[in-house]
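Notes follow once the structure below has been shown.
All ligand and atom numbering here is 1-based and tracks the order in the structure. Numbers here are sequence positions counted from 1.
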Amino acid sequence: MTNVFTDRLWSKVEPIWTAYLEHPFVKGLGDGTLDKEKFKHWLKQDYVYLIEYSRLFALGSAKAEDLETMTTFAGLLHGTLHMEMDLHRQYAAKFNITPEDLEKTYPAATTTAYTSYMLNVSQRGGIENVVASVLACAWSYNYIGKELAKIPGALEHEFYGDWVTTYSSEEFTALANDCIQLMNKMADDMPERDLAVLEDIVVKTSLYEYMFWDMAENKEEWPIKL
Ligand SMILES: Cc1ncc(C[n+]2csc(CCO)c2C)c(N)n1
């Protein structure tokens, strides 16, 4: 296919996504120097992020207008709850954190803002808003995973190797590609006015992704501790 919608999206988000690769947290994952306490903060926040995110896949399945789309969303939901969150549970075990404790994590400001934004636009709009909301998350982690996998030793690192291996894996590439294909299917024949709305969702979620890396790097929660 030539000139698919996700090519246009890529040209728009490329400066944001290349900034992820320059982010100290992501660089630390790639060269193995990332502080474990920062990683633990990401792990806990990401777990509760993924719980909310899973609702988006469930919503996508509910809003689907054909069985194929419903099945794709159900597969993405299963992949998140079982494959991706298993990675988090395995890392948590290394920190002696139980799955129950992970689940009890109090969402930080950025986690709350990001998941609330995605759930809001997805509930307000049709299935295309759900696809636009989930796209940057699934696609950008696979992009980061594959870029980090090129760094010598990143895949074999004793602690962060599993992270790089998981997000660069064929399974996660397939999940990201499912989201990319869904987006192109939805965008087909859509008027420019509607495409611009979807583009804005993908830009905003890409910016939220950057803020999520920042939140982990700075171990941010809320401005006032209670
Ligand atoms: C903040 C944040 N953004 C994106 C992902 C990655 N991700 C979310 S859903 C999905 C698809 C399959 O589970 C992937 C790869 C994450 N973990 N945390």
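A search for ring pair (Phe, Tyr, Trp, His ring centres under 6.0 Å) contacts involving Tyr49 returns Tyr53, Tyr114, Phe212, not counting sequence neighbours. Legend: residues meeting ring pair (Phe, Tyr, Trp, His ring centres under 6.0 Å) with His41, ordered by chain and number and at least two apart, are absent. Residues meeting the side-chain hydrogen bond (donor to acceptor under 3.5 Å, both in side chains) test with Lys27, sequence neighbours left out: Glu22.
A salt bridge links Asp66 to Lys185: at least one charged side-chain nitrogen sits closer than 4.0 Å to a carboxylate oxygen.
For ligand 1, the 4.0 Å heavy-atom shell takes in Asp46, Tyr49, Leu50, Tyr53, Thr80, Glu84, Cys137, Ala138, Tyr141, Tyr167, Phe172, Leu175, Glu209, Phe212, ordered by chain and residue number.
Aromatic rings of Tyr160 and His157 (six-membered ring for Trp) have centroids within the 6.0 Å cut-off, being under it.
The aromatic rings of Tyr106 and Trp222 sit tilted relative to each other, their planes meeting at an angle between 30° and 60°.
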